[in-house]
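Just so it is clear, the structure is predicted and the values come from calculations on it, not from any experiment.
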There are 2 protein chains.
Amino acid sequence: MTRRRRPAKAPLSRAAIIEATLTLISAQGTRAVTLRAVAAALETGPASLYAYFANRDDLLYAALDAVYERCPLPPAGLGGDWRVALAASLSGTIDALASYPGLGSVALGTVQLGPGAMRISEHLLMLMQLGGVPDETAVLALDLFALFVAASAVEHSAPMRAVGAGARRRQDLAQQVSQAYAEAAPERYPRLHALSGKLPDADEPARSRFAINTLINGITLA
Amino acid sequence: MTRRRRPAKAPLSRAAIIEATLTLISAQGTRAVTLRAVAAALETGPASLYAYFANRDDLLYAALDAVYERCPLPPAGLGGDWRVALAASLSGTIDALASYPGLGSVALGTVQLGPGAMRISEHLLMLMQLGGVPDETAVLALDLFALFVAASAVEHSAPMRAVGAGARRRQDLAQQVSQAYAEAAPERYPRLHALSGKLPDADEPARSRFAINTLINGITLA
DNA sequence: CAATGTTCGCGAACAATGTTCGTCCCAGAG
DNA sequence: CTCTGGGACGAACATTGTTCGCGAACATTG
């Protein structure tokens, strides 16, 4: 039995580390994933990871790009309309990313230029060009889509939490919002107050559809 | 000199702690702000903060709502059009929040129901009602605006960083993106590759305007 | 082949952070 | 006056990202 145990386990690699990281993120969320946990999953020590990644952020960016590399992108012909295909692409990307709670937040404040991210950009650009969106608009739209996808994935990956004076842990979110509006001072928040009994019962898919349609409709008018 | 030093400094309060927190966030960014730093700024120890806030997240939510409470919301008559006023409200909120780097990310995954957040919701709702946006649409738009504002503020609060194989620290961002596209394999990323020499020179205000207009145009078509 | 250089692997240690526990002090109520 | 509740806060704890130093393995050179 050698001291190094090298013959007894697979050698480390970037891919293996990324895979272990994604598995842990999927199970526990990004925030709770430590280098120690990743290393333990690979039967090694956290210092070993530094031979492959500069730091924790570096590892998370790589994990993010791996997800971008594998999310489903429907063909251009879907639904016979570029908008349908674009909506499905955005939706699919959000869903894929949302499988890794909190990972989308890693992207905020960054422009991702790894192969996976560019794969998505290329695809979205193709669809927009197919729809006659001018390049100047399409490029700006890529930025906006990137932001939206990352942030939406965060919000879809775990139940939303209500935060504030009216937040009650015993109710579901819609009830909490409704109650907060009902309790809001009518003279300060008259419209929210008036809305409290009439909040639409939109579920998450409907909200997502609305948001995506808003973006797609919006870029065609920009 | 008493052991407690109480006579020598102002008593703690939620407001004082929030203020100290915001000052530090403004200077160092959310991520770098520790409870120890906040406590030190108030000449106390980190454990003292727990009498006012459940934990660090709780403090950050309160700081976030304080910013929402103070961001400028232009009057409905601005520009003679509800859309102009809505755009300015979104823009102003993003700018105010962007003064506190990274604070927007605290909002992701949450529905903020504090007084500051509801103040903004009330205002945006008022503008949309003024513009004849149906309530069912307006409520969904509030969700989308909240997400967009929070994520945009994060991205506007510090220079964007390029991440990925082509990232070079010596260049500004636009150059990095352009170079990454130029170096991208033409057979895999033909459209990005073709765009590399033609990326529009849009600065940040133009990008922001595009994004906001996209949202506003989009909700009117939803 | 032996010596040397390089890289991977990783334990030990360090600095830092959020949080809890226990104690003290003060103000207010009974 | 006593008791109680709550604020203040030091000490300590558990944990985390990271660095340092060293051994082992492998590649290269003479």
Side-chain angles (χ1 to χ4, degrees), chain A residues 1-25 27-64 101-103 105-106 161 163, chain B residues 1-25 27-64 101-103 105-106 161 163:
Chain A
M1 186 63 161
T2 70
R3 179 156 170 245
R4 299 303 312 285
R5 301 191 60 206
R6 181 172 261 184
K9 64 181 181 182
L12 279 188
S13 67
R14 277 181 70 99
I17 297 170
I18 290 169
E19 215 48 53
T21 301
L22 287 175
T23 299
L24 284 169
I25 289 178
Q28 303 168 1
T30 301
R31 205 165 147 177
V33 170
T34 64
L35 295 185
R36 281 173 168 78
V38 173
L42 295 163
E43 300 184 348
T44 186
S48 309
L49 306 183
Y50 288 87
Y52 297 88
F53 299 95
N55 49 50
R56 187 174 181 274
D57 277 353
D58 193 28
L59 171 57
L60 293 179
Y61 291 138
L64 177 67
L103 187 55
S105 62
V106 171
R161 294 189 44 224
V163 174
Chain B
M1 185 60 153
T2 70
R3 183 164 165 237
R4 301 300 317 280
R5 299 191 65 207
R6 178 173 265 182
K9 64 180 178 179
L12 277 188
S13 67
R14 279 183 66 100
I17 297 171
I18 290 169
E19 216 48 51
T21 301
L22 287 175
T23 299
L24 284 169
I25 290 178
Q28 301 169 4
T30 301
R31 206 167 144 173
V33 169
T34 64
L35 296 185
R36 280 172 168 78
V38 175
L42 295 163
E43 300 185 347
T44 186
S48 309
L49 307 183
Y50 287 87
Y52 297 87
F53 300 95
N55 49 50
R56 184 174 182 276
D57 276 354
D58 194 30
L59 171 57
L60 293 179
Y61 292 138
L64 176 67
L103 188 56
S105 61
V106 171
R161 292 190 44 224
V163 172

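- Applying the Watson-Crick and G-U wobble criteria (two distances, each under 3.5 Å), C/dA13 pairs with D/dT18.
- In this structure, B/R14 contributes its side chain and B/Y52 its backbone to a donor-acceptor pair below 3.5 Å.
- Taking atom OH of B/Y50 as the reference point, atom P of C/dT17 lies 12 Å away to the nearest angstrom.
- Residues A/L12 and A/S48 form a side-chain contact, since some pair of their non-hydrogen atoms from C-beta on lies under 4.5 Å apart.
- Taking side-chain N and O atoms only, B/T44 has a distance below 4.0 Å to OP1 or OP2 of D/dC9.
- Under the Watson-Crick or G-U wobble criterion, with both distances below 3.5 Å, C/dG30 is paired with D/dC1.
- Across the protein-nucleic acid pair, A/Q28 atom CD and D/dT15 atom P stand 14 Å apart, rounded to whole Å.
- Inter-residue side-chain proximity for A/L60 and A/L64 is flagged as unmet; no heavy-atom pair is nearer than 4.5 Å.
- Put simply, the side chain of A/N55 reaches to within 4.5 Å of the side chain of A/D58, judged on heavy atoms.
- Remark: C1' of D/dT16 and CZ of B/R31 are 13 Å apart, rounded to the nearest angstrom.
- Neither OP1 nor OP2 of C/dT17 sits under 4.0 Å from any side-chain N or O of B/R36.
- Between B/D57 and A/R31 a salt bridge is recorded (basic side-chain N to carboxylate O distance below 4.0 Å).
- A/R56 places its CZ atom 13 Å from the C1' atom of D/dT15, with the value rounded to the nearest Å.
- Distances shorter than 4.0 Å separate some side-chain N or O of A/Y52 from OP1 or OP2 on C/dG9.
- The CG atom of A/L49 sits 12 Å away from the C1' atom of C/dC8 (whole-angstrom rounding).
- Pair check for D/dG30 finds C/dC1; Watson-Crick or G-U wobble, both atom distances under 3.5 Å.
- Distance CG (B/L59) to P (C/dT19): 10 Å, rounded to an integer number of Å.
- OP1 or OP2 of C/dC10 lies within a sub-4.0 Å distance of a side-chain N or O belonging to A/S48.
- Rounded to whole Å, atom C1' of D/dC9 lies 14 Å from atom CG of B/L35.
- Residue A/A51 is out of contact with every strand shown, counting any heavy-atom pair closer than 4.0 Å.
- Checking C/dG18, D/dA8, D/dT19 against every side-chain atom of B/T34, the shortest atom distance belongs to C/dG18.
- Between A/F53 atom CZ and C/dC8 atom P there is a gap of 13 Å when expressed in whole angstrom units.
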